[in-house]
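Working notes, structure below.
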Amino acid sequence: MTIKWRLAVLMADREMDYKELAEKAGLHKVTVSKHKNMKTMPSRLDSETLEKYCKVLKCQPGDLMRYIPQVPEINQAS
C-alpha cells in the first residue's frame with residue numbers, strides 16, 4: 001500500500017512557500033521543508049502536525065494524502 005503525500009501540491013495551489021507555512025503553523029522550517037519534499041506520507045507524522053497543516057492550508061487530511069493501490073505483479077511461466 002502506498003499513500004501519496006500531497007503537501008507540495010497544496011502549498012503550490014495556495015502559493016505558499018515552506019517558510020510561510022512553517023511560520024503560520026508554528027512548525028520548524030526544516031520540518032516543513034522535509035515534509036514538502038516527501039513523495040509518500042511521512043512515517044512520523046503526528047496528529048498535531050497534521051492538524052496544523054490542515055488549519056493553515058484550509059484543507060481536510062484526505063486532501064494531503066492519496067491512496068495508490070499497488071498493482072499485483074503477474075508471474076509469467078515460460
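Note that the structure is a prediction, hence the values are computed from the model and not measured. Index from 1, following the sequence.
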### Query
Does the side chain to side chain contact (heavy atoms under 4.5 Å, CB included) test come out yes or no for T2 and Q70, once each step is laid out?
CA-CA 7 Å; T2 302; Q70 292 194 352; 3.3 Å; yes

### Those residues that, when tested against E48, pass salt bridge (charged side-chain N to carboxylate O under 4.0 Å, His left out) (two or more places apart)
K52

### Task
Applying salt bridge (charged side-chain N to carboxylate O under 4.0 Å, His left out), name anything that partners E20, two or more places apart in sequence or on another chain.
K24

### Message
I'd like to check V56 versus M16 (side-chain heavy atoms, cut-off strictly below 4.5 Å). Are they in contact?
### Response
yes

#### Entry: Shortest non-hydrogen separation from P61 to C54 and the atoms involved
N-SG, 3.5 Å

### Message
Walk me through whether L57 and D13 qualify under side chain to side chain contact (heavy atoms under 4.5 Å, CB included).
### Response
CA-CA 10 Å; L57 295 169; D13 286 348; over 6 Å; no

Below 3.5 Å, can you tabulate the donor-acceptor pairs from side chains in residues 30-39 to any protein atom, sequence neighbours excluded?
from : atom 1 : to  : atom 2 : distance (Å)
H35  : ND1    : Y53 : OH     : 2.7
N37  : ND2    : S33 : O      : 2.9

### Query
What distance do I68 atom CD1 and T40 atom OG1 have between them, rounded to the nearest 0.5 Å?
11.5 Å

### Query
Are I3 and L7 joined in one hydrophobic group, where the rule is that I, L, V, M, F, W and Y side chains link up if heavy atoms are under 4.5 Å apart?
yes

### Message
Please enumerate all residues that pass side-chain contact (heavy atoms from CB on, under 4.5 Å) together with D63, with sequence neighbours excluded.
### Response
L10, C59, Q60

### Task
Mind checking side-chain contact (heavy atoms from CB on, under 4.5 Å) for K55 and listing every partner two or more places apart, or none if nothing turns up?
none

### Test item: R6 side-chain N/O and M65 main-chain N/O as donor-acceptor pair under 3.5 Å
no

